[in-house]
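Below is one structure; the comments refer to it alone.
Bear in mind the structure is a predicted one, so any value in this text is a computation, not a measurement. Letters go in sequence order (proteins before strands), and every chain restarts at 1.
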Amino acid sequence: MNNLYPLFNLIIALTAAPLMSGVINRVKAFFAGRKGPPLLQLYFDIGKLLRKGAVYSRTTGVFFRLAPPAGLVFILTALLFIPCGAYPAVLFFPGDMVLVVYLLGAQRFCMLLAALDTGSSFEGMGASRDAHFSVFSEAVLFLCLAAMSVASGSVSLNGMLFTAGGRIWQVSPPVLLVVVFVLYIVLLVENYRVPFDDPNTHLELTMIHEAMALDHGGPDIAMFEYAAALKFWILASLPAGLLFPYGMKPDFFGNSALFLGVIALTAALTGALESCAARLRLVKVPQMLTAAAALSVVALIFLAK
Amino acid sequence: MVFIAAALLLLLLSGLCALFLNNRPAVAAALCATACIASCLAALFPVFAVFFSGREMSFDLLWPAAGGLRLFLVLDRLSAFFLVPVLLLSALAALYGWGYLRRERNSESCGRQWFFFNMLVASMLAVFLAADGLIFLLCWEMMALSSFFLVVSRDEEESVRRAGFIYLAASHCGTAALFVMFAFLSAAGISGGFWNSAAFPGPDVGVLRVLLLSLGIFGFGMKAGFMPFHFWLPRAHPAAPSHVSALMSGIMIKAGIYGILRMFSVAGVTDAWCGAALIIAGICSGILAMLSALNRRDTKSVLAYSSIENIGIICMGTGLAVYAASCGGTLVCLLALSGALLHLFNHAFFKGLLFMAAGAAGKSCGSRDPDALGGCAKALPVTSSSFFLGAAAASGVPLLNGFPGKFLIYLAAFCGLQLKGSGLLLPSTAVIVGLSLSGCLSLACFTGLSGIIFLGKPRSCAGRPEEYSALMGAAMISAAAVCLFLTFAAPLLSFSLCGAVSAVFASTDTASASGLADRLAPLSCASAWVFVLIAAALAAGRLLLRRRKVSFGETWNCAYAAADARMQYTSASFFYPLSRTFTFFNVRKSPAAVSKTTFFPGEYEGYSSRRIGVFRTLLSGIAAKLEFSLSCLRWLQQGRLHIYIMYIMTALLALLLWKVR
Amino acid sequence: MAILLFLAPFAAGLAAFVIKNDRLRRRLLFTVACAHAAFALYLCLFPPGGEDYRWLWFGFDALSRYFTAVFSLLFLCASFYAVIYLKGEKSRPCEKEEDLLFHNAPEAAFTGCLLVFLACMSLLALSRHFGLIWIAMEATTLVSAPLIYFHRQRSSLEATWKYLLICSVGIALALFGNLFLAVSASGQGPGMEISIDSLLGPGVRLDPLWLKAGFIFVLVGYGTKMGLAPMHTWLPDAHSEAPSVASALLSGALLNCAFLAILRFYQLCLANGLGSFCRELFLIFGILSMAVAAVFIIGQSDYKRLLAYSSVEHMGILCFAVAVGTAYGSMLQAANHSFLKGALFICAGNILAGFRSKRIADVRGIAHIMPWAGVLWFTGILAICGMPPFGAFLSEWIILKAAFSAGNLLLPVVYLFLLGVIFIGMTGTGIRMTFGVPSIPEGGKSFLSLFPALILLLLSLFLGIYMPAALEGAVSGAAALLGGEG
Amino acid sequence: MVDGILMLLVLLNLFSLGSTRISASIRVVAYQGAAIGLVPLFLPGKITGGILAAIVLVTLLVKAVILPWFLRYAQKRVNVRREEKPFVGASTSILFGVAALGTAFFISSRLPIPFAVVSPFIVPVALSVSLTGFFIIISRAEALSQVVGYLILENGIYLFGIALLLEQPLLVELGMLLDVFVGIFVMGITVFHISREFEHTDTSRLSGLADWLPEVRRNE
């Protein structure tokens, strides 16, 4: 029975992912003293969009139609390798963290090309800025993974987060906290949250994430949004996996509830950050990410000694 | 081995006939192309035999040339591993070239071009087989010479001639270093083994070994084109016709890597400094090459820089393997080197595919400047789809063959991190950072490039471009098919991969072949899984929209309905944020300011391009000083007879006073 | 009977001076050249009867057989080109000559001098007596002076004057060397003849001090004729002004004969144990010549001077080869250099006829306007720089291998560095001239005048690819005389 | 008595270096030829009678009579009087002559003659005569004086040959004499051509062919 649990975890991930954007918006509304949109708002949006038709621009070609489903598929495949708290990932093999990172890269490849296919300057601007940030964020992500693999002594994502369990903290807890902090920064960059991009701006010149989906309509935008939510879940599960209280050894439902709680906590933290902090200037973003990279290198060296 | 000898002979004969058929280009092209394809396929039989079974074939004959020329050709597992892409890509390039040169303007040089093409293929085939120093140098120089004549085939432009000269000079300096190494080895007499390996000085003879190893790395590096020796590559490859640059980027620069690996198999691996040097060179190549590739006025020079980046990745893998071998990490060494070899194998195909597609797009749309093209995807389905496939492979999208090689090197680096206290921490971290940075830069570069060339509105393509020739289409499709097949065939290659690695580092045993296979297996099934899922998602999307209303409109441009092609993002604007961040590398060459004579400034057309400043200023400085000192020395021959007689008298007196006692 | 090699061309030369009818004279030149080449080749490859041939002061050993074969083959091709060249010259209006000596048409003098030039070179190869060698060398100088002064311009007059004076001074020093040798041999008792056979005889001990001084004088003296730096100064001027036939012979054959004269003296020194002393001097002059050639080739603006400096470089390579102990490589390099330099000068002649200018800047796009000339010119340049599959690649490889076994590691590195610099200089010029948009509207498409260049290139290619046993025997026989191993 | 002739030769050397007039230096060459011609008479007689007389006669005829006559004829044809501006002044050339004598003695001190010889000064004087000839070619600008310098160089070598190696087979000695004779003639003819082409025989202005163009000429 318990080897089916990873499958259930997968289903929970697929269903609970859109909830996180609801949590973020509610926290922002709470800070702003508003009531805010319902928690299940993203579910309603996706359902509504899936029932709509589609409007395609004449300049776009085959690639524009291929990109959203391909992007979603890449993210779904990446989800298979993510362990959920006390239960292993569906699939794991040595070096699967490299595959996960490159699957995220592949999804970015499709989004960039779809943006350029429309031929609009706004989407081009979004694509160029996303390509610019991805150069640094992927390097930082790899360094964090390196630090985690040195700390946990294993070369697979499942090994690092699941099998190492609590033992990962024995090496040197303060350094691992640094790694968690850097992972959180990577989460913010990759999911275009506040310090790096403002999700609810409506001035196209400042957007990055939404700018790339300006021309998508109907089912395409649904897949786009759902892929973004899943990406948030994947990148949130990395710090969550580290912070998960392994000592308690709950049964299956307890574990998934606990894991869901930790990820909701990360989402709430992102929402709080979004209401308190403002966007960084575009030039400052690479400097911030280089600082994060430096932090992760220091952590790696300390962990390896 | 008989097949290979027959193939070589067929290539040479067909080349010579092409020379005499110069005035009938169509016949010459047909003859040479079919001869090349036939000989490549013929040579594939023995190569595949060795590739899969692993037993060696050799051919030894003492040819009575001056001073004795030993024709000693050995087809062992490392050569076989290199020869598979060589032969396959040569056949594809010949097919592509057949279509490419058919409507060439100056048809009178067509026969000559085919002669040099077949000579290039023959000499490349022979380079990977030559087991004696002199015959290796002979084929090495013939390879450089025939590729030089192909690079200079369109010699009316000054830049092409200059590129040819720099290429020939650079490859000759590299070969001079190899001359010294091989002369030293063969001065110790004819002994068995590859390049008479017995004569290579052991680790005890410190200085000599360091000198020979560095000469080898310099010589082979000049041909491979990683960072300090790359200056000729971005000029030579764009100048050559596309099927030749596909061959040069796909295979010829790999001969440099083959040479380095062969040198390590001859010299044994006990020098960590070699590994460190290769890693540093690899990282510099990877990152700096992609930085200077970002904003280029010519698609093929972007592809040339991307070749430098991929050679950088291969160097990182090899360097890590050598470093690991010298301090005992056998698993890391196996993984790193097999990653490098696999990436080398795959790079030959997807880079060949990219060059062919770029050439086809250039021929159809008339220009190769990305900012002048745009929107060709709808008009050129075959070319654009193969370019996208190549671009995806180059940026490391997991379901194509660009990814397995990098994956193994990453894995080796991560395993290197685990080995506590073996000094592998720093190189592994460096490799991880280098790989990820160059990976993302190539992702950004290729998405920008393919997006701007093929997607969006056509900027200046007069009329609807159409596919240039069916033969080129066939070549591109088969290359794309091979790329796709290689993603799934990675585990099948693991046995020969291990054979090649054991040919270089004798220590690794073939048992680890199975270990390698089961590390690559999940990759292939992940790729298969992704393909199936994408097809399903597409079908689902199509199903969803079947009953719904699908309409077509104009791209949303913030309520401005008459957006035209000029408002699209060009390559300069797409890469502006990236090049701004790495400004300390790039010297910005901004065109002359607009003259403000009239009230309304007139038409202004300029472009800004970025160069890697550091090398250019360094080299021009040295050239100026050299020129000045030479002009002073030329004073010696200033035409006055008296001074000349004085030279004789001083020479005579000096010798008499110094020597006679 | 080998003396015919000298008498036949000498007689023909004198006859050529007198013959009035041009066509008959040209046919005479060509037939004598063919006969000479055939006979020399026969003697070289299949030495008849006794190993060496002796009569009075003349002898024909392996070394002289090899050099005679090389320069007579070159003379054959050069004469073939000369016949076509002179026919072309005839059509161009050339001013009548009313001076003291050259009162008959310049062409008769030119052909006569060519034949006597061949005779003197054969005499030099034949002679065993050092005095006779000196006379033959002086004769070649005096005969080749009018060859240079064929075009009757100011600059060619200046070149002739410089050539005459520098070479005469050089040969005077060589005479001094001969006398020093006579003094060092007089220790064996009075009246000792300074001929190779008697001095190499058993039990002959020469005074080492005088022999050293003699070798220095001979090396500087004949080195001037051979074009070794710093005595090479006449070579670029003479070659850029002489007609290409003359410069082909000057650089292809005459420099080799000067080298032969030095090697004769080197044979003596080897027999008396002064081998290392001579090799050290050869090394100094070899490296110096290659360095000077490299300096002047890089920024050269006249392509005939470029070829002249390449001859200086190759003479340096010959000396370097003997210095590192491989006489075999030196002999092979001498042959390759003569054939390739002859071919290049014949191409240069055709390019000059087509483009009407000696400056490199004025010549562009030969490959498009004169296809055969362009192909031969560029292949020749690559071949002379040591590209495979031509013979120069193998000989430079043998020399490099010997440089390694000669011990210190600096020699091969300097040797390769200079070769590399010269390669870059030559190919840069070659590319600028051969490719690009042609700088003249139309050029001569005649293949006939380029045929000898093609033959010479094929000869060098043949040397590079296959070496039949007879040829191998000839080369290693010549090398054995100089104590060089195979 | 041989030492007397050698002393005379050294004096003639210094005189030829001192004078800048062409006719004077031709006269010096004639006297030197005559002196060298007489040397064999005083050598201890291994060769006597007819052969000795023949050598003396031929040498005197060629070196003292024919060549100087030809040079004087060439000087009249080219009508050049004296050196306008030699590179090295008369006094400094004499200093060079003495220096040449010094180096000649230093070199010959290192080369002991293996057999008995009539006077120890033959080698140094011969060397100094040829070094002086060398120096005249270097320091004089007129073509004719360069030919004279070359002739003096030949005289030095010829003296060395005649004095030390009289018993060498004569054919070779005379061959060398013939070559010098023809050499001077060819040089003379070239001088005629130079004078006709350039209207002057100043070789310092004869430097058109060069790889190095002084700045002023490069940009015209």
Side-chain angles (χ1 to χ4, degrees), chain A residues 50 52-59 61 63 65-66 69-70 72-74 76-77 91 93-96 98-99 102-103 105-106 108-109 112-113 116-122 124-125 127-129 131-132 134-135 138-139 142-143 146 149-150 153 155 204 214-215 218-219 282 286 297 300 304, chain B residues 375 377-378 392 395-398 403 407 410-411 414-415 417-418 420 425 429 432-433 436-437 439-441 443-444 447-448 450-452 455-457 519 522-523 526 529-530 533-534 537-538 541 544-545 548-558 563 567-569 573-574 576-578 581:
Chain A
L50 281 178
K52 278 187 179 249
V55 177
Y56 291 111
S57 154
R58 276 186 203 81
T59 50
F63 209 88
R65 289 179 178 72
L66 176 79
L72 181 61
V73 160
F74 285 127
L76 287 175
T77 336
L91 283 174
F93 61 91
D96 55 13
V98 176
L99 184 60
Y102 268 78
L103 283 170
R108 179 175 300 115
F109 179 82
L112 290 181
L113 281 183
L116 286 171
D117 198 4
T118 56
S120 96
S121 39
F122 301 112
M125 190 181 296
S128 123
R129 285 181 185 150
H132 177 204
S134 72
V135 169
E138 211 171 287
F142 262 114
L143 281 171
S149 90
V150 165
V155 275
E204 291 75 18
L214 280 176
D215 239 61
L282 284 184
V297 166
L300 178 66
Chain B
K378 290 189 271 299
S395 15
V397 167
F403 181 66
F407 170 76
Y410 267 114
L411 193 55
F414 274 99
C415 296
L417 286 176
Q418 308 304 329
K420 294 269 188 304
L425 173 71
T429 343
I432 289 176
V433 170
S436 59
L437 271 179
C440 295
L441 282 172
L443 177 91
T447 43
S450 41
I452 285 155
L455 304 176
K457 296 193 187 66
R519 279 193 173 70
L523 270 188
W529 156 268
V530 166
L533 219 57
I534 287 181
L538 265 178
L544 270 175
L545 283 178
R548 306 274 169 62
K549 183 166 69 60
V550 175
S551 64
F552 294 89
E554 205 45 48
T555 313
W556 183 79
N557 253 316
C558 193
M567 291 165 68
Q568 287 177 114
Y569 246 52
S573 42
F574 187 83
Y576 174 72
L578 261 174
T581 326

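Heavy-atom pairs under 4.5 Å with chain B peak, among A/A146, A/A70, A/A131, at A/A146. Interface summary for chain A: among B/A526, B/G541, B/A392, the most heavy-atom pairs under 4.5 angstrom belong to B/A392. Taking B/C440, B/G396, B/A537, B/G439 one by one and counting their heavy-atom pairs under 4.5 Å with chain A, the maximum is reached by B/C440. When each of A/S149, A/A139, A/S134 is scored by its heavy-atom pairs under 4.5 Å with chain B, the top score falls to A/S149. Ranked by heavy-atom pairs under 4.5 Å with chain B, the first of A/K52, A/R108, A/E138 is A/K52. Note on A/P69, A/G61, A/G218, A/G105: by heavy-atom pairs under 4.5 Å with chain B, the leading option is A/P69.
Only the side chain of B/L425 has a heavy atom closer than 4.5 Å to any heavy atom of chain A. Using a 4.5 Å cut-off between heavy atoms, A/L112 contacts chain B through its side chain alone, with no backbone atom that close. Residue contact with chain B, scored on non-hydrogen atoms closer than 4.5 Å, is absent for A/L282. Heavy-atom distances place both the backbone and the side chain of B/E554 under 4.5 Å from chain A. Heavy atoms of B/L578 lying under 4.5 Å from chain A belong to its backbone as well as its side chain.
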Next item on the list: Decide yes or no on side-chain contact (heavy atoms from CB on, under 4.5 Å) for B/T429 and A/V297, but give the supporting numbers first.
Entry: CA-CA 9 Å; B/T429 343; A/V297 166; 5.5 Å; no
Note to self: For B/F407 and A/Y102: C-alpha separation, side-chain torsions, deciding distance, then whether ring pair (Phe, Tyr, Trp, His ring centres under 6.0 Å) applies.
What the structure shows: CA-CA 9 Å; B/F407 170 76; A/Y102 268 78; 9.3 Å; no
Item checked: B/V433 and A/F142: CA distance, side-chain angles, deciding distance, side-chain contact (heavy atoms from CB on, under 4.5 Å) verdict -> CA-CA 8 Å; B/V433 170; A/F142 262 114; over 6 Å; no
Margin query: Assess the residue pair A/V98 and B/L411 against the criterion (side-chain contact (heavy atoms from CB on, under 4.5 Å)); give the C-alpha distance rounded to whole Å, side-chain angles, the decisive distance to 0.1 Å, and a yes or no.
Written below: CA-CA 8 Å; A/V98 176; B/L411 193 55; over 6 Å; no
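Proximity of a side-chain donor or acceptor of B/K378 to a complementary backbone N or O of A/T59 within less than 3.5 Å is detected.
Scanning both residues, A/R65 and B/F552, for their nearest heavy atoms gives NH2-CE2, 3.3 Å.
We find the CD1-OG1 distance between B/I534 and A/T77 to be 7.5 Å, quoted to the nearest 0.5 Å. Taking OG1 of A/T118 as the reference point, atom OH of B/Y569 lies at 12.0 Å (rounded to 0.5 Å).
Contact check for A/L91 versus B/W529: no side-chain heavy atoms found under the 4.5 Å cut-off.
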